[in-house]
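Following: one structure in structure tokens, then a few remarks.
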Amino acid sequence: PDFLFEETADAMYRRSWGDRLTYHIGVGYLVGLVAGGSWGLYEGLKSSTGERQRIRINAVLNATGKHGPGLGNSVGCLGMMFSTFETLAFNFRGEDDMLNVMGAGALAGGIFKS
């Protein structure tokens, strides 16, 4: 399909590798932290059903602290790998299109899951 090889508006002005890396890691960590914190909130409330309020608050804080940073770090590392591979693909191919993004995502996801 032709849409994979069309240059995007980003090709005219491309941020530096450091800017893109910082953005991808930051957004990834924030999304992972919020998702993991929400998961911890659910787990903490579920595991402390019928307990006193202080015990429930403690269970929620413990579960949120357990799941939030771990998932945030994982998604941040995924963002770092994606950003690195996308920049390498751009420098190697000399084009800024969706093929770079798809290849970087597939490679980062494959390495992350291995």
Side-chain angles (χ1 to χ4, degrees):
D2 290 336
F3 72 91
L4 293 178
F5 301 101
E6 292 176 4
E7 288 197 18
T8 62
D10 195 29
M12 293 180 213
Y13 174 75
R14 186 172 172 87
R15 295 189 185 272
S16 71
W17 176 73
D19 286 346
R20 294 166 66 88
L21 182 67
T22 303
Y23 174 76
H24 288 133
I25 292 173
V27 168
Y29 184 80
L30 183 63
V31 167
L33 190 65
V34 169
S38 300
W39 179 25
L41 176 68
Y42 171 75
E43 290 290 322
L45 289 174
K46 188 174 87 171
S47 69
S48 64
T49 304
E51 297 288 340
R52 296 187 334 239
Q53 184 178 3
R54 291 181 75 146
I55 301 297
R56 289 193 75 162
I57 291 171
N58 191 29
V60 166
L61 289 175
N62 286 340
T64 301
K66 176 183 175 187
H67 295 296
L71 189 59
N73 287 337
S74 297
V75 179
C77 287
L78 189 60
M80 179 185 64
M81 287 189 290
F82 170 81
S83 183
T84 302
F85 294 143
E86 196 269 336
T87 300
L88 287 173
F90 172 73
N91 289 333
F92 180 73
R93 294 182 64 229
E95 295 182 23
D96 192 19
D97 55 13
M98 289 301 294
L99 195 57
N100 294 347
V101 175
M102 290 188 309
L107 191 57
I111 289 174
F112 183 75
K113 287 307 283 182
S114 66

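Throughout, residue positions are numbered sequentially from 1 according to the sequence presented.
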Distance check, rounded to the nearest 0.5 Å: Ile25 atom CD1 versus Thr84 atom OG1? 7.5 Å
Measuring from atom CG of Asn91 to atom CZ of Arg93, what distance do you get when rounded to the nearest 0.5 angstrom?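 So the gap between those two atoms works out to 12.0 Å.
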Over all heavy atoms of both residues, which pair between Trp17 and Thr87 is shortest? Give the atoms and the distance, please. CD1-OG1, 3.0 Å
Heavy-atom closest contact (Phe90 atom, Glu95 atom, distance):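 Looking at all heavy atoms of both residues, the shortest contact is CD1-O, 3.3 Å.
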Less than 4.5 Å apart, any side-chain heavy atom of Asn58 and any of Glu51?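 A side-chain contact is absent here, since even the closest heavy-atom pair is not under 4.5 Å.
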Less than 4.5 Å apart, side chain to side chain, heavy atoms only: is that true for Val75 and Tyr29? no
Show me the donor-acceptor pairs, under 3.5 Å and distance only, between side chains in residues 33-48 and residues at least two apart or in other chains.
| from | atom 1 | to | atom 2 | distance (Å) |
| --- | --- | --- | --- | --- |
| Ser38 | OG | Val34 | O | 2.9 |
| Trp39 | NE1 | Glu43 | OE2 | 3.4 |
| Ser47 | OG | Glu43 | O | 3.2 |
| Ser47 | OG | Gly44 | O | 3.3 |
| Ser48 | OG | Gly44 | O | 2.8 |
| Ser48 | OG | Arg56 | NE | 3.4 |

Identify each donor-acceptor pair in which a side-chain atom of residues 106-114 lies under 3.5 Å from a protein atom, sequence neighbours left out, and give them as a table.
| from | atom 1 | to | atom 2 | distance (Å) |
| --- | --- | --- | --- | --- |
| Ser114 | OG | Ile111 | O | 2.8 |

Transitively linked via ILVMFWY side-chain contacts under 4.5 Å: Leu88 with Leu78?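 They do share one cluster, since a chain of ILVMFWY contacts under 4.5 Å joins Leu88 to Leu78.
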Before you tell me yes or no, could you show the steps for Glu86 and Asp96 under side chain to side chain contact (heavy atoms under 4.5 Å, CB included), namely the whole-Å CA-CA distance, both residues' side-chain angles and the distance that decides it to 0.1 Å? CA-CA 9 Å; Glu86 196 269 336; Asp96 192 19; 3.7 Å; yes
